[in-house]
Structure formats: structure tokens, C-alpha cells
Amino acid sequence: MGTRESNEQAGGTGRRALLGAAVLGASGAVLGPVGTARAADARRGGGRGLKGLPVPTVIGHRGASGYRPEHTLGAYQLALDMGADIVEAGDLVPTRDGHIVCRHEPEIGGTTDVADHPEFAGRRTTKTLDGVPVTGWFTEDFTLAELKRLRAVERIPANRPHNTLYDGRWEIPTFEEVLRWQDEQTRRRGKQVWIYPEAKHPTYFRRLGLGLEERVAKLLRKHGKDRRNSPVVLQSFEPTSIRRFGRLVDNPLVVLLSGAGSRPWDFVESGDPRTVADLITPEGLKEIASYAQGIGPTLDLVIPRDAGGRLTEPTTLVRDAHRAGLILHPYTLRNENPFLPADFRRGTDPDAYGDVFGAYRAYFATGIDGIFTDQPDTGLLAREDFVNK
């Protein structure tokens with residue numbers, strides 16, 4: 001998630017004020033039970049599937065990526081230990097030999113130690129990814145066996161210096177390993193574990209002969225997780241990818257939406273002139289509802305920011321989406337100052353936490369159904385406070 005997010009590379013070092021220190025243990029962070037009697041009232045319906053999840057749903061963005069390198073089993077595990085309702089495991093990209101692995105992007109120079117492997121120096125290249133030149137190492141140029149020789153590292157160490165302590169600890173997981181991990185965790189915890197994978201750059205990979213949807217659908221069918229109430233929500237920034245998934249599997253489907261003026265890359269490739277602004281009109285939302293169950297808008301589509309980075313008045317998106325029968329799971333709320341709206345920052349340290357609870361309250365008050373967050377513990381604490389008021 002978050003290819004189109006801003007402030008990913010906010011700079012600086014500074015010392016993090018660990019808001020979650022009270023719940024962080026030596027082996028990870030464990031949040032105590034958050035299901036009080038009153039919090040249980042926040043659950044929508046009693047059925048299975050998406051409607052049985054708490055509202056607002058707290059989604060561990062790439063795991064608990066505020067505390068561990070993203071898209072690692074360590075980050076996924078910690079998100080569950082903190083109590084996340086769903087874990088975004090993971091952003092799905094293919095290998096040269098057709099396996100599906102979990103990385104933020106196909107370019108892995110910033111998320112692995114590939115640059116430290118001299119045997120792969122010759123693989124560094126420049127490619128055009130969704131119209132943008134990108135230089136680095138790409139998963140589609142590696143076999144799975146080669147990728148398994150690499151280890152994950154923190155992608156934004158200037159904002160998350162603590163995470164660098166875990167550099168090199170975990171390998172790149174395959175999606176099939178994640179599906180097995182999901183089953184194991186469900187058995188261990190005695191409750192269903194949910195995951196929320198994203199198909200990354202599907203048009204780009206289809207042109208390379210590495211179509212994502214068919215490969216992902218095959219794995220879901222193999223593991224019996226291709227049904228309407230299966231605990232696997234599929235998402236993509238490309239509406240045609242979601243439509244293709246809808247023809248292959250019955251899983252819940254979510255269309256991701258970037259800035260209002262942007263165009264999904266599949267629209268660019270096909271000549272469709274519509275922008276995200278067109279998709280979030282009542283008519284556009286009604287069309288999305290014909291093939292998907294939800295949308296994942298950037299937070300700025302829910303509450304815009306002014307020129308100074310402060311929150312303004314909420315848009316009508318939540319109301320309009322609900323009228324169309326869609327759920328909303330916007331992305332991504334992070335604790336660190338550079339990622340928060342300006343009115344909730346504290347000081348200038350880029351790795352220090354601002355008033356994250358104030359930010360949660362502002363977004364929860366709009367009626368969103370859930371939220372992606374890099375720090376699930378603060379999301380759960382904020383929900384507990386919000387729903388019990």
C-alpha cells in the first residue's frame with residue numbers, strides 16, 4: 001500500500017519519543033485486550049466477512065511497520081501481537097520465475113540488503129515504472145532462490161532509526177508463506193486472522209508476462225481462501241485489476257484511490273481520461289460498487305489539508321461511499337511528526353511522535369470504517385477511547 005503516498009522520505013534523525021513504550025516488551029509489543037463490553041458495541045453486525053469486523057477497523061499497514069522493517073514476518077507478527085484487526089500482508093510483486101513475494105515495490109534497493117551482494121551488482125538497472133524512471137534492483141529480475149539470499153532492511157531509517165536494529169533479521173516472505181502463516185496464527189490465537197494484500201503495478205507486470213491476478217488467485221484457491229467470506233481482502237490502485245480479480249475469485253475487493261487529480265495507471269495505458277476525482281463522485285462510486293465492496297482513499301480525500309498542512313473540513317466522500325454501499329479504509333496514519341497533519345505535530349524531530357490520538361479522533365469522527373496505520377497499538381487505543389465516549 002502507499003505507492004502514491006507523500007512524505008515517505010521525510011529526513012532528519014532526532015530521538016523517537018516511544019508513545020507505545022508502556023506496551024512494548026523485550027520480544028515485541030503486546031497490547032492488552034481491547035475488547036471491553038462497550039467496545040464490543042462498536043462491532044457492526046454479527047455475521048461473517050467484512051461486516052463482522054470492528055468499526056473502525058485497525059489495519060496494520062505492511063505489518064507493524066512503525067516498529068519493524070515492513071513486509072517481514074516480524075512486522076506482521078507484531079501487528080497481530082498488538083491486536084490489529086487486519087494485517088496488510090503484503091504488497092504483492094512477482095519474481096522472474098513466477099513466484100509472488102511481499103515487497104513495498106518491485107524495486108528492492110531500499111528495502112533489502114541487495115546492494116551489499118556483489119554477485120548482484122550487475123542487476124542494477126533503470127526501468128520505467130508507471131511512467132516514472134526508477135533505478136535499482138527489481139524483483140522480476142531475480143529468481144525466488146536468489147531473493148531468499150537477501151534480508152530486509154528499514155526503508156526510512158531517518159524517521160525510524162530504532163527499526164534499523166532489526167536490519168538483516170528477516171528474509172523476503174512469499175505470499176504462500178504468508179497464507180500458511182495466517183493459518184498457523186489463526187490456530188494459535190483461536191480466532192480468525194485477516195490479511196489485506198495489494199496487487200502492485202498489475203499493468204506493468206502483465207506487459208512483462210507476469211500477470212499478478214491469475215497467480216494470486218491460484219494461490220488463494222489452493223489454500224481455500226477464494227470465497228466471499230474468506231479472511232483475505234484484495235486491493236489495488238488499478239480498477240481493471242480489481243475487476244479481473246472479481247472474475248477469478250469471490251474475495252472482498254477494494255479499489256485504492258490516490259490524489260484527486262491523479263489517474264490510475266491502467267486508465268493512462270488504456271486512454272481512459274478519468275481521474276480519481278471522477279471516481280469519487282456519486283456516479284463513480286456507484287460504478288465501483290458494481291464490482292468492489294470498498295475503497296481505500298488517501299486520507300486527504302476524507303479530510304483535505306490546507307497550504308500549511310492543517311486539516312480543513314471533511315469532504316462528503318464518507319457519506320457518498322456509504323450511500324453507494326461501499327466501506328472506506330483510508331491510508332495511512334503514522335505517529336511520526338512529518339506524516340501527521342501540521343496541527344497535530346509536536347516539535348520538529350522527524351522521528352518523534354505528535355498528537356496522534358487527536359489525529360485519529362478527527363478521522364474517526366468522519367465515520368470511516370477503518371484505517372491503515374503503521375502503529376496498530378495507537379490505533380487500537382484511539383479506537384477504544386473513541387467508541388467508549
Side-chain angles (χ1 to χ4, degrees), residues 16-25 28-46 50-61 63-67 78-88 189 191 194 196 296-300 302-303 305 309-315 317-319 322 327-347 351-389:
R16 173 183 301 184
L18 280 175
L19 185 69
V23 294
L24 285 172
V30 180
L31 187 69
V34 297
T36 65
R38 284 186 294 169
D41 292 337
R43 298 187 68 87
R44 181 175 58 190
L50 286 174
K51 292 186 176 180
L53 290 167
V55 178
T57 301
V58 174
I59 305 158
H61 184 233
S65 54
Y67 304 115
L78 184 54
L80 289 184
D81 289 345
M82 286 181 164
D85 303 308
I86 310 180
V87 180
E88 191 195 28
R189 296 169 188 273
K191 68 175 184 177
W194 282 70
Y196 209 135
T298 176
L299 286 168
D300 289 348
V302 177
I303 310 180
R305 303 188 195 191
R310 294 174 175 81
L311 293 185
T312 60
E313 291 299 311
T315 68
L317 180 58
V318 175
R319 181 197 68 194
H322 284 166
I327 61 169
L328 290 89
H329 291 161
Y331 67 92
T332 302
L333 189 61
R334 297 176 167 100
N335 291 355
E336 295 94 350
N337 271 327
F339 305 125
L340 288 169
D343 29 348
F344 297 105
R345 297 172 191 164
R346 289 173 174 159
D351 61 328
Y353 290 175
D355 177 17
V356 65
F357 293 110
Y360 274 115
R361 283 190 289 272
Y363 291 115
F364 286 170
T366 66
I368 58 175
D369 300 280
I371 195 163
F372 284 84
T373 175
D374 288 9
Q375 290 93 356
D377 55 338
T378 56
L380 290 160
L381 291 169
R383 180 178 73 193
E384 188 79 353
D385 176 64
F386 181 79
V387 303
N388 286 328
K389 280 193 171 182

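What's counted below: heavy atoms across the whole structure, side chains too, no hydrogens, waters or symmetry copies. These numbers come from a predicted model, not from an experiment. Note that the numbering runs from 1 along the sequence shown for the chain.
Here the closest non-hydrogen pair linking G63 and V87 is CA-CG1, 4.0 Å. Residue L311 comes nearest to R305 through the heavy atom pair CD2-CG, 4.1 Å, listed as atom of the first residue, atom of the second, then distance. Between W194 and L50, the closest heavy-atom pair is CH2-N, 3.7 Å. Counting all heavy atoms, side chain and backbone alike, F344 lies closest to G358 at CE2-C, 3.4 Å. Considering every non-hydrogen atom in both G367 and H322, the closest pair reads O-CE1, 3.2 Å. For L333 against L299, the heavy-atom pair with the smallest separation is N-CD1, 3.9 Å.
Partners of A84 by side chain to side chain contact (heavy atoms under 4.5 Å, CB included), not counting sequence neighbours, listed by chain and number: A79, P376. Applying the side chain to side chain contact (heavy atoms under 4.5 Å, CB included) rule to T366 yields the partners V302, I303, P314, V318, I368; only residues at least two apart in sequence or on another chain are considered. In this structure D374 satisfies the side-chain hydrogen bond (donor to acceptor under 3.5 Å, both in side chains) test together with H61, S65, R160, R334, sequence neighbours excluded. Evaluation of the side chain to side chain contact (heavy atoms under 4.5 Å, CB included) rule for T57 yields L53, I59, D85, I86, H329 as partners, not counting sequence neighbours. For Y363, the ring pair (Phe, Tyr, Trp, His ring centres under 6.0 Å) criterion is met by no residue, not counting sequence neighbours. Listed by chain and number, the residues in a salt bridge (Lys or Arg N to Asp or Glu O under 4.0 Å) with R361 are D385 (sequence neighbours excluded). Contacts of A365 classified as side chain to side chain contact (heavy atoms under 4.5 Å, CB included), with partners at least two apart in sequence or in another chain: F386. Remark: R319 pairs with no residue by the salt bridge (Lys or Arg N to Asp or Glu O under 4.0 Å) rule, at least two apart or across chains.
Note: D355 CG to D343 CG = 9.0 Å, rounded to the nearest 0.5 Å. Of the inter-residue distances, the one linking Y360 atom OH with L381 atom CG reads 9.5 Å to the nearest 0.5 angstrom. Distance check: E336 CD to Q375 CD gives 4.5 Å after rounding to the nearest 0.5 Å. The distance from atom CG of L340 to atom CZ of R346, rounded to the nearest 0.5 Å, is 9.5 Å.
With R345 contributing its side chain and N337 its backbone, the two residues share a donor-acceptor pair below 3.5 Å. With hydrogens and angles disregarded, no donor-acceptor distance shorter than 3.5 Å links the side chain of T332 to the backbone of F372.
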Walk me through it: do T378 and Y353 pass the test side chain to side chain donor-acceptor pair (under 3.5 Å)? CA-CA 11 Å; T378 56; Y353 290 175; over 6 Å; no
How far apart are the C-alpha atoms of V387 and F364, what are their side-chain angles, what is the distance that settles it, and do they pass the side chain to side chain contact (heavy atoms under 4.5 Å, CB included) test? CA-CA 9 Å; V387 303; F364 286 170; over 6 Å; no
